[in-house]
Amino acid sequence: MYDIKALYEAASVDDAVRLLTEHPEARIIAGGSDVLVQIREGRLAGAELISIQGVDALRGVRLEADGAIRIGSLTSFSHITKHPIIREKINVLGEAVDMIGGPQIRNIGTIGGNTCNGVTSADSASTLFAWDAVIELAGPEGRRLVPIQNFYLRAGVVDLRPGELQTGILIPKRSYEGYQGHYIKYAMREAMDIATLGCSVNVKLSPDKLTIEDARIAYGVAGPIPTRAPHAEAMIANRPVSEGVLKQFAQAVLTDLNPRDSWRASKAFRQHIAVVLAQRALAEAIRLSGGEIYE
């Protein structure tokens with residue numbers, strides 16, 4: 001059923017780096033929800049695999065000494081959704097990954113596999129972009145930290161150097177403290193479907209809840225890789241919480257988006273729903289922050 005040339009089991013992160021260096025053509029396998037499908041379809045027939053399932057150091061969510069949230073790359077989607085740190089501080093990420101596949105996929109699928117695939121439709125990706133996430137990598141030269149915007153290079157390709165594997169994802173304290181977020185996935189079906197467009201918005205309001213101090217917005221499937229909308233973010237900073245400002249923000253996202261035509265949706269349709277989702281996601285993030293939108 002599965003045409004696999006060899007399977008190596010890493011005992012630690014250092015061991016995984018050693019195996020990757022000795023077998024440069026090998027692929028990392030974690031949950032296997034993507035790799036095994038590709039092998040069965042023939043796209044990775046005869047592959048060498050390095051399993052990191054036994055490396056427990058790559059699992060779990062914790063707060064670092066500097067306040068950053070660290071999510072181990074082997075942490076499953078279901079674990080992320082239920083974890084108290086995620087629920088308290090960045091609940092939108094738990095909500096986003098809870099939209100991936102069905103329960104079985106969410107129990108075995110990992111956040112590291114979802115991001116290392118480099119696909120723009122990954123439900124975790126746009127939310128992590130909006131959180132200014134940092135990717136933690138381990139390789140022959142040691143530890144390397146890469147902002148997620150630089151980690152995605154082009155469709156299906158990420159910045160993994162020879163011998164490297166992703167070990168964790170960091171959300172800096174400055175990126176989440178005082179923010180609330182909301183993610184909307186638009187798909188043809190309500191469950192177990194790839195996003196036609198995904199939109200994630202984080203917002204920070206002033207203490208009196210009348211001013212938007214900062215907002216970050218990111219999209220999936222609005223381009224070959226997940227993308228932010230910096231023009232919209234810049235225009236809304238320090239603006240009042242009003243219906244008119246929200247509409248301006250939503251229209252401004254089109255300056256930075258360049259979706260394509262595909263069998264799932266036309267470019268024009270993706271542009272239309274990008275505007276609609278931006279306004280809805282921002283409105284919900286404001287509500288979660290305790291704000292009220294005025295006319």
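Residue indices begin at 1 and follow the sequence shown.
Applying the side chain to side chain contact (heavy atoms under 4.5 Å, CB included) test to Ser200 and every residue at least two apart in sequence or in another chain returns Val92, Ser126, Thr127, Ala130, Tyr183. Scored by the side chain to side chain contact (heavy atoms under 4.5 Å, CB included) test, Gln104 finds no partners at all (sequence neighbours excluded). Partners of Glu95 under the salt bridge (charged side-chain N to carboxylate O under 4.0 Å, His left out) rule, at least two apart in sequence or in another chain, do not exist in this structure. For the salt bridge (charged side-chain N to carboxylate O under 4.0 Å, His left out) test, no residue two or more places apart in sequence or in another chain qualifies with Arg87. Annotation: side-chain hydrogen bond (donor to acceptor under 3.5 Å, both in side chains) contacts of Arg154 (sequence neighbours excluded): none. For Asp132, the side-chain hydrogen bond (donor to acceptor under 3.5 Å, both in side chains) partners are Gln149, Arg228, not counting sequence neighbours. Listed by chain and residue number, Val17, Pro140 satisfy the side chain to side chain contact (heavy atoms under 4.5 Å, CB included) test with Thr21 (two or more places apart in sequence, or in another chain). Residues forming a ring pair (Phe, Tyr, Trp, His ring centres under 6.0 Å) with Tyr179 (at least two apart in sequence, or on another chain): none. In this structure Glu88 satisfies the salt bridge (charged side-chain N to carboxylate O under 4.0 Å, His left out) test with no other residue, sequence neighbours excluded.
Residue pairs meeting the ring-ring contact (aromatic ring centres under 6.0 Å, His included) criterion with at least one partner in residues 192-218, sequence neighbours excluded, do not occur; the list is empty. Annotation: ring-ring contact (aromatic ring centres under 6.0 Å, His included) contacts involving residues 21-72, sequence neighbours excluded, comprise Tyr8-His23. Listed by first then second residue, pairs satisfying side chain to side chain donor-acceptor pair (under 3.5 Å) with a partner in residues 243-253 read Arg239-Gln248, Glu243-Gln279, not counting sequence neighbours.
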